[in-house]
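Each ligand, and each atom within it, is numbered from 1 in the order the structure gives.
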Amino acid sequence: MKNDPSTKIFDLLQFGEFGDVNPSVCDSATFTFMQAKTMMDTFHGESEGCFLYSRHWNPTNKYLADALAAMEGTESAWVTASGMAAITCSILQICSSGDHIVCSLTTYGGTFAFLFNYVKKFNIDVTFVDITNLDLVKQAIRPETKMIYTETMTNPLLEISDIPALAAIANENNIKLVVDNTFTPMIVAPHKAGAHVVVYSMTKFINGKNDCVAGAICASAEFINSLSDVNAGTAMLLGPALDPLRSSSILKNLHTLHIRMKQHSMNALYLAEKFKENGVKIIYPGLPENKGHKVLKKMMEPGFGFGGLIAIDMETAEKAARLMEMMEKAGVGYLAVSLGYFKTLFSNSGKSTSSEVPEDIQREMGLSEGLVRFSVGLDNDIENSWKKIKTCLDQM
Ligand SMILES: *Cc1c(COP(=O)(O)O)cnc(C)c1O
């Protein structure tokens with residue numbers, strides 16, 4: 001039997017309260033009890049199946065969380081009001097004052113800012129390393145290290161983390177490997193590859209409609225229970241609860257994710273090859289000469305391609321700006337941040353989603369000021385989209 005995320009989610013049948021195929025939205029903040037003792041037991045986490053208050057658990061959120069846990073192959077999952085909430089709650093649940101984190105130097109700008117600036121106030125120390133260099137990762141670990149943090153495909157340089165190798169390092173040191181899999185749902189199953197905690201910005205591919213911000217944490221039941229503990233759970237106490245109305249719409253979108261990922265990947269590979277043929281400097285892990293190609297191939301689930309993100313280097317920020325403006329006028333897509341949308345989105349990473357990263361560190365990580373990241377859309381006629389891009393390039 002197949003064991004990939006798309007099969008696991010399709011094997012899951014969720015029956016709504018009235019036999020509804022799309023479980024009804026539980027539009028309630030609080031829940032009633034007939035016996036006072038049951039309420040007390042629920043507070044202590046001892047009453048299976050009872051709901052208390054929607055910052056803790058809501059039935060609609062639980063349907064979505066169960067579907068995500070099935071997809072990732074984890075015992076449990078938790079949904080949050082944003083990807084950053086999933087990331088920050090996971091980190092703060094694992095790390096306390098005096099602890100240390102080893103983190104990939106190339107990460108999402110918000111995550112970088114949180115670890116570079118914000119956790120200082122909790123006396124948590126962070127070492128940023130080239131995550132593709134396993135010796136550097138090993139050397140960075142100290143007695144007080146609690147976590148290795150990385151992204152399967154890092155933002156914005158699309159480097160690939162070797163999750164099985166990083167998991168082995170984490171296990172040897174009895175610490176947690178936390179992986180942000182936002183760029184590669186379906187394509188990589190980080191938990192299957194050894195990650196202890198998998199986080200998502202569902203704002204991107206999982207929801208795929210750019211109509212909301214949301215996040216998820218997939219992990220062991222023990223970890224999810226600790227996050228939601230009424231006395232000491234970070235998710236419970238910081239309170240980034242997802243609205244059940246949104247949960248319901250994300251759950252419906254989740255069920256087309258496997259089809260969308262195939263199309264995003266097919267279109268991205270097509271454009272990557274065209275850029276290459278035309279002598280444009282291109283980063284795409286689907287190209288055999290890409291540094292992360294072999295590592296990604298080793299851990300990916302077959303049939304979903306290499307993902308929907310590509311990056312080209314226009315060398316200067318001015319050239320990047322000119323190309324993006326021309327492409328928007330030509331109808332290639334939108335000059336906008338974010339990704340995983342049905343239309344193509346493009347932005348200059350150094351001046352947008354990675355602008356939190358100081359310029360000297362941008363240079364250290366090899367981020368060119370002319371880098372244009374594309375989230376390639378679901379275009380039915382990608383050849384035609386390429387023709388539009390080519391016309392813009394020729395006019396430059
Ligand atoms: C967008 C993004 C986030 C943050 O998610 P939000 O939903 O915007 O809070 C985190 N990680 C990655 C890789 C992202 O692309």
Measuring from non-hydrogen atoms of S338 to any atom of ligand 1, is the shortest distance under 4.0 Å?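 False for this residue.
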I87 near ligand 1 by a heavy-atom separation under 4.0 Å: yes
With a 6.0 Å cut-off on the ring centroids, do W78 and F223 count as close? no
[atom] [closest protein heavy-atom partner, distance rounded to 0.1 Å]:
{"atom": "atom 7 (O) of ligand 1", "value": "T203 OG1, 2.6 Å"}
{"atom": "atom 9 (O) of ligand 1", "value": "M84 N, 2.8 Å"}
{"atom": "atom 6 (P) of ligand 1", "value": "G83 N, 3.4 Å"}
{"atom": "atom 13 (C) of ligand 1", "value": "D180 OD2, 3.4 Å"}
{"atom": "atom 4 (C) of ligand 1", "value": "Y108 CE2, 3.4 Å"}

Before accepting this row, confirm whether a basic side-chain N of the pair K343/D379 lies closer than 4.0 Å to the acidic partner's carboxylate O. no
Are a donor atom and an acceptor atom from the side chains of [X] and [Y] found within less than 3.5 Å of each other?
{"X": "T391", "Y": "D394", "answer": "no"}
{"X": "Y284", "Y": "E273", "answer": "no"}
{"X": "N155", "Y": "R373", "answer": "yes"}

For ligand 1, which atoms sit closer than 4.0 Å to a heavy atom of [X]?
{"X": "V213", "answer": "7 (O)"}
{"X": "F183", "answer": "13 (C), 15 (O)"}
{"X": "S82", "answer": "7 (O), 9 (O)"}

Where at least one partner belongs to residues 82-100, residue pairs that pass salt bridge (charged side-chain N to carboxylate O under 4.0 Å, His left out), sequence neighbours excluded: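 Residue pairs passing salt bridge (charged side-chain N to carboxylate O under 4.0 Å, His left out), neighbours aside: D99-K146.
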Cluster link V178 to F116, ILVMFWY, side chain under 4.5 Å: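 Yes.
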Given the options V102, N173, I169, N133, K138 meets side chain to side chain contact (heavy atoms under 4.5 Å, CB included) only with I169
Hey, does Y149 have a side-chain heavy atom less than 4.5 Å from the side chain of V199?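 A side-chain contact exists here, since the closest heavy-atom pair is under 4.5 Å.
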Heavy-atom contacts under 4.0 Å between K204 and ligand 1: side chain, backbone, both, or neither?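 K204 to ligand 1: side-chain contact only, backbone stays beyond 4.0 Å.
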Which bit of A214 is near ligand 1, meaning a heavy atom under 4.0 Å away: side chain, backbone, both or neither?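 For A214, the contact with ligand 1 is made by the backbone alone.
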Could you tell me whether some N/O pair between S201 and ligand 1 is separated by less than 3.5 angstrom? yes
Please indicate whether any nitrogen or oxygen in L339 is less than 3.5 Å from any nitrogen or oxygen in ligand 1.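 By distance alone, the answer is no.
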